[in-house]
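The structure follows.
Just so you know, residue 1 is the first one in the sequence shown, and it goes up from there.
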Amino acid sequence: MSRGPAVNAPTPHPPNRTDDELARLDITGLLRDGLTAEPGPRRTALFGDGAAAAAVLLDRLGTEPRSVAFLADTVRAGGLARAADLPEPLPRRPAADLVRQWLRAATDLGGGITTDDTTATWLHAVATIIELKQRARAGSA
């Protein structure tokens, strides 16, 4: 089933975006459009700007990359539905509430193991970007 592009969906090859611009992207929409899409612009937008935007938001909430990586492993091992029902998918309530929205949006797609695996891969990408942002800050301090 094909849907229109997500609100505020990035273009396939946008100019460099600031963290503030990334933070305004509709990550839930990008997940809905990109998780079950074939390789192409929607998937690229999800794993590019979507992962960077999620990393910006979670980093601003003080989320450690290892927490996001652990959640990714949980999604891969137990599935999206189980991860979405966790009482605390990430430490700290604001981060947990945010990521729970994303997990529920992904769960609603009903894509089965393939969607679970793609979501886990995306969460690992988010964790990697958070770690890179933290290392860059530490190097410039």
Between I129 and L35, is there a shared hydrophobic cluster once you connect ILVMFWY residues whose side-chain heavy atoms come closer than 4.5 Å?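 Different hydrophobic clusters.
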Which pairs with one or both residues in residues 68-98 pass ring pair (Phe, Tyr, Trp, His ring centres under 6.0 Å), sequence neighbours excluded? none
Straight-line distance of L25 CG to L57 CG, nearest 0.5 Å: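 Spacing of CG (L25) from CG (L57) equals 9.0 Å.
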For D59, does its backbone N or O pair with a side-chain atom of T63 as donor and acceptor, under 3.5 Å? no
Please round to the nearest 0.5 Å and tell me the distance separating atom CG of L58 and atom CZ of R92.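 Reported value, rounded in 0.5 Å steps: 11.5 Å.
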Search all heavy atoms of A37 against all heavy atoms of R43 and return the closest pair with its distance. O-NH2, 2.6 Å
With sequence neighbours excluded, tell me which residues meet side-chain hydrogen bond (donor to acceptor under 3.5 Å, both in side chains) with D117. R76
Can you list the residues that meet the side-chain hydrogen bond (donor to acceptor under 3.5 Å, both in side chains) rule with R135, with sequence neighbours excluded?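 Partners of R135 by the side-chain hydrogen bond (donor to acceptor under 3.5 Å, both in side chains) criterion, ordered by chain and then number, come out as E131.
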So how far is it from H124 NE2 to T119 OG1, rounded to the nearest 0.5 Å? 11.5 Å
Taking the side chain as everything from C-beta on, heavy atoms only, tell me whether L132 gets closer than 4.5 Å to T128.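 Heavy-atom side-chain distance check passes, below 4.5 Å.
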T36 and T115: CA distance, side-chain angles, deciding distance, side chain to side chain contact (heavy atoms under 4.5 Å, CB included) verdict: CA-CA 6 Å; T36 58; T115 302; 3.5 Å; yes
Evaluate the criterion side chain to side chain contact (heavy atoms under 4.5 Å, CB included) for residue pair I27 and L31; output intermediate values, then yes/no. CA-CA 6 Å; I27 297 168; L31 286 163; 4.1 Å; yes
Which residues pass the side-chain hydrogen bond (donor to acceptor under 3.5 Å, both in side chains) test with E64, sequence neighbours left out? none
Kindly give the heavy-atom pair with the smallest separation between V99 and P89, and that separation in Å.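 For V99 and P89, the tightest heavy-atom pair comes out as CG1-CG, 3.7 Å.
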Worked check of side chain to side chain contact (heavy atoms under 4.5 Å, CB included) between K133 and V56: CA-CA 9 Å; K133 289 178 76 52; V56 166; 4.2 Å; yes
Ring pair (Phe, Tyr, Trp, His ring centres under 6.0 Å): which pairs involve residues 77-114, sequence neighbours left out?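 Residue pairs with at least one partner in residues 77-114: W102-W122.
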Between L90 and R100, is the side chain to side chain contact (heavy atoms under 4.5 Å, CB included) condition met? List the steps. CA-CA 9 Å; L90 289 176; R100 190 176 293 108; over 6 Å; no
Shortest non-hydrogen contact from A125 to A51? CB-CB, 4.3 Å
Contacts of type side-chain contact (heavy atoms from CB on, under 4.5 Å), residue A84, not counting sequence neighbours: L103, R104, T107
Taking R60 first and then D20, would you say they form a salt bridge - that is, a charged N and a carboxylate O separated by under 4.0 Å?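 Here R60 pairs with D20 in a salt bridge, since their nearest N and O are under 4.0 Å apart.
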I need the R82 CZ to L86 CG distance, nearest 0.5 Å.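 Interatomic distance, R82 CZ to L86 CG, rounded to 0.5 Å: 8.5 Å.
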Can you tell me how far apart CG (L80) and CG (D116) are? Round to the nearest 0.5 Å.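 It is 4.0 Å, given to the nearest 0.5 Å.
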Output for pair (D33 CG, R42 CZ), nearest 0.5 Å, gives 5.0 Å
